[in-house]
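Letters A, B, ... mirror the listed sequences (proteins, then strands); counts begin at 1. If you're wondering where the values come from, they're calculated on a predicted model, not measured in any experiment.
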Amino acid sequence: MRTKHKKEVKLKRLHSGAGGDPIKSSSSKTTNSQQQRDRSESPGKVRTLKTQEPLISTSGSLKPEPEEDDFTSNSAGVKRKRIKDELLEETPIRKSRSKKHSNDGDSEGSQNKKAKRQTKKAVKKEEGEHPVSKKVKRTKEEIEEARQLKMKKKEEEEQNRWRWWEEKKYEDGVKWMSLEHNGPYFPPEYQPLPDDVSFYYNGKKVKLSLAAEEVALFFAQMLDHEYTTKQVFRENFFKDWRKEMTAEERSLIQHLEKCDFGELHNLHKAKVEARKNMSKEEKQALKEANQKITDEYGYCLLDRHKERIGNFKIEPPGLFRGRGEHPKQGMLKKRVQPEDVIINCSKDSRIPVPPAGHRWKEVRHDNTVTWLASWTENVQGSIKYIMLNANSKLKGEKDWEKYEVARKLKSCVDDIRDQYLRDLKSKEMVTRQRAVALYFIDKLALRAGNEKEEGETADTVGCCSLRVEHITLHDQLDGNECVVEFDFLGKDSIRYYNKVPVIKKVFKSVKLFLENKEHGDDLFDRLNTSLLNKHLSSLMPGLTAKVFRTYNASITLQQQLKALTNQSDNEAEKLLSYNRANRAVAILCNHQRAPPKTFEQSMATLQTKIEARKEQLALAKTELKQAKKEAKAKEVFKCVYLVERKKAAVKRCEEQLLKMEVQATDREENKQIALGTSKLNYLDPRISVAWCKNMGVPIEKIYNKTQREKFAWAIDMTEADFEF
DNA sequence: GAATTCACTTAGTACAGCAAAG
DNA sequence: CTTTGCTGTACTAAGTGAATTC
């Protein structure tokens with residue numbers, strides 16, 4: 001039986017129309033944002049776990065990369081390789097040298113030059129017989145210098161890195177023993193408009209008060225954006241804007257339609273343009289100023305270790321941009337004052353100093369939490385936190401823990417699956433619904449689906465909050481029996497669209513759940529996330545719905561990597577396989593992105609390149625034939641040589657063509673799929689590290705610098721035989 | 001036991017910056 | 001040298017889930 005509250009909510013939803021079919025809009029015109037969000041595959045295609053297996057047929061025949069890369073010393077890959085080699089073999093020399101270097105600074109002292117010459121020699125030796133062209137040589141010194149600097153930095157970082165994973169963990173909720181920082185950085189004050197720029201109302205020039213002017217500018221800046229055409233956005237903005245106005249302004253400015261922000265908008269555009277056209281020096285100065293801010297506010301001292309802060313800047317004021325059909329879009333996000341901010345640090349530390357003339361809301365010393373500062377945001381009333389960077393101990397330890405819980409699930413997932421399959425037969429409705437929900441969460445990696453407050457957020461759902469209108473049952477579909485069609489908006493209003501063949505018991509159960517329900521009703525009316533998680537934690541300590549997502553993502557990666565890569569593949573093939581395994585996970589987790597704006601075009605240019613290469617190949621082939629013919633007839637040495645050359649040309653052409661085709665396929669497959677989210681949040685990095693070790697692929701090929709820092713613990717501790 | 005609060009993870013997008021291409 | 005295209009980063013919204021309050 002539904003609770004009274006829920007019933008009320010449903011009714012409201014039905015009447016407001018917000019709960020109506022969010023996909024097929026009632027209006028015949030499809031807006032841009034709808035198109036953008038509508039990223040599912042063409043209807044009629046059944047997306048099952050099976051289709052996640054990569055499909056490119058050329059993968060088995062990719063040839064090694066052409067060697068020519070090795071001769072251009074500015075190729076990033078080669079540079080990286082060298083740095084690594086040197087680091088491994090020459091550490092003692094480098095140490096003394098880098099010290100000297102740091103004394104010299106950037107100047108071109110003679111000592112410096114001497115040191116450089118030494119390295120050059122060493123590099124030469126390493127390169128062996130690779131000839132270096134003259135042109136390259138000239139910039140060699142610069143390259144060398146840059147390399148040295150990089151190396152020095154890398155080394156320093158390595159030495160400074162806090163190997164927290166080798167330390168004992170704190171017990172019972174204690175997050176740190178000492179914490180010191182400089183507080184958050186506040187955005188600059190509002191700069192009033194110049195005199196020659198005005199706002200007009202009803203065609204008349206109006207000088208706005210400072211507060212009203214600032215908010216007007218927020219709107220003017222967004223004028224090019226589609227947001228500003230949306231009714232809800234405009235209404236919310238106008239309402240909040242009027243709150244910022246003086247009484248006279250409020251009585252004058254009654255209609256948004258009569259507002260002319262043209263000059264403000266142009267001013268903004270000019271500013272953007274000016275920023276783009278800044279001189280090198282100006283850009284440099286700006287960069288340095290930013291660096292100074294980062295140096296001062298970007299770090300903290302946690303248990304005597306310097307750690308980077310993730311978001312040390314207070315969010316600037318502006319207009320709230322929710323995702324999807326957010327009822328609060330356009331509302332004013334107010335400027336945060338120091339008086340709104342709570343500081344958290346250790347008692348005996350240097351307490352951060354508030355900006356002149358201000359004080360903090362509160363200074364507390366709570367070492368059971370990880371945040372350094374917090375404030376309550378005015379649009380949703382939620383708390384915002386200043387926290388550490390992903391490469392910090394606090395974040396890393398938690399991440400590690402997360403994957404350990406997921407691995408524990410691996411050891412008992414069979415039992416849990418047996419259990420919920422048995423529960424599908426339960427006479428009790430709660431148990432039965434719980435079983436079906438778990439089945440979905442496990443099989444489809446759905447999110448838990450907490451309830452949300454109506455009217456406060458966009459209408460999105462997860463597993464437990466699925467409603468009648470989000471699923472369609474098909475006894476028969478495309479040759480499959482018992483197909484459940486899912487169509488709903490999930491987190492960030494990203495559409496989840498999937499047709500899944502399920503086992504009979506699940507199908508029957510869902511049919512049962514739907515009986516006597518109508519549009520707007522919950523599919524799982526007896527179930528919520530809290531109930532579900534309570535049950536899960538009784539099956540295994542620490543188990544919650546989201547662990548299934550982590551577990552299934554990581555195990556999928558491991559399986560896919562095993563299935564797709566061969567020891568004998570070349571590096572490019574191995575990386576392609578890695579990407580495909582990654583992609584399988586991203587598809588499972590429904591991680592989507594808007595297709596890049598230039599996608600169609602860049603695809604087309606690639607296609608023309610492929611065509612050109614094909615022609616070239618055909619030409620090369622005919623030339624080869626010709627050469628062969630001649631060689632047969634004459635048997636002259638020169639002709640034999642020519643045949644060899646033509647053969648090589650054909651081969652090279654084929655390789656390049658193949659490479660481009662693979663690239664095209666890869667890009668096409670990736671069009672709407674975002675790999676980053678799963679890589680960063682769902683895939684146990686130890687799987688990737690072990691794979692790299694087994695396959696002889698350098699870790700830099702799959703993780704960029706940021707990612708390597710975040711996963712330093714995994715890179716350091718993982719052996720080749722790691723099993724998730 | 002429902003609602004609210006709090007802390008923390010997960011998410012896509014805008015845009016800067018850089019390298020390759022022209 | 002400029003344009004193009006791509007990658008990495010900053011940003012902040014939107015989830016999850018435990019604890020607390022009513």
Colleague: Quick one: is B:dA11 close enough that its OP1 or OP2 comes under 4.0 Å of any side-chain N or O from A:R549?
Modeller: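 True: A:R549 side-chain N/O within range (under 4.0 Å) of B:dA11 OP1/OP2.
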Colleague: Is it the case that A:T457 and A:K328 place a side-chain donor and acceptor less than 3.5 Å from each other?
Modeller: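 No donor-acceptor contact under 3.5 Å links the two side chains.
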Colleague: With a non-hydrogen cut-off below 4.0 angstrom, is A:N533 in contact with a base, only sugar-phosphate, or nothing?
Modeller: sugar-phosphate
Colleague: Assign each of A:T460 and A:S537 to its nearest nucleotide of DNA chain C by heavy atoms, then name whichever residue's nucleotide is nearer the 5' end.
Modeller: A:T460
Colleague: Can you list, in residue-number order, the parts of residues 383-401 of chain A that come under 4.0 Å of DNA chain B, counting heavy atoms only?
Modeller: A:I383, A:Y385, A:M387, A:K395, A:K398
Colleague: Tell me, please, which residues at least two apart from A:K175 pass salt bridge (Lys or Arg N to Asp or Glu O under 4.0 Å).
Modeller: none
Colleague: Knowing that exactly one of A:K452, A:R323, A:R467 qualifies, which makes a salt bridge (Lys or Arg N to Asp or Glu O under 4.0 Å) with A:D459?
Modeller: A:R467
Colleague: Check this one for me: any side-chain N or O of A:R275 less than 4.0 Å away from OP1 or OP2 of B:dA16?
Modeller: yes
Colleague: Heavy atoms only, 4.0 Å cut-off, all strands: where does A:K283 land among base, sugar-phosphate and nothing?
Modeller: nothing
Colleague: Does atom NZ of A:K276 have more than 12 heavy-atom neighbours from other groups under 6.0 Å away?
Modeller: no
Colleague: With sequence neighbours excluded, what pairs up with A:K671 under the side-chain contact (heavy atoms from CB on, under 4.5 Å) test?
Modeller: A:P595, A:F599, A:E600, A:E668
Colleague: Which residues pass the side chain to side chain donor-acceptor pair (under 3.5 Å) test with A:R447, not counting sequence neighbours?
Modeller: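 Counting only residues at least two positions away or on another chain, A:R447 forms no side chain to side chain donor-acceptor pair (under 3.5 Å).
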Colleague: Mind calculating the distance between NZ (A:K280) and C1' (B:dG17) to the nearest angstrom?
Modeller: 13 Å
Colleague: Is the A:F440 to A:F486 ring centre distance short of 6.0 Å?
Modeller: yes
Colleague: For DNA chain C, which nucleotides open and close the run of contacts to chain A, 5' to 3', at under 4.0 angstrom from a non-hydrogen atom?
Modeller: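 Under 4.0 Å from chain A, the extent on DNA chain C is C:dC6 to C:dA18.
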Colleague: Could you tell me which residues satisfy side-chain contact (heavy atoms from CB on, under 4.5 Å) with A:A586, sequence neighbours excluded, listed by chain and number?
Modeller: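 Expected list: A:H591, A:I673, A:L675, A:S678.
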Colleague: Output yes when at least one side-chain N/O atom of A:Y682 is less than 4.0 Å from OP1 or OP2 of B:dA11, else no.
Modeller: yes
Colleague: Between A:R447 and B:dA11, is there a side-chain N or O to OP1/OP2 distance below 4.0 Å?
Modeller: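 Answer is yes, contact under 4.0 Å.
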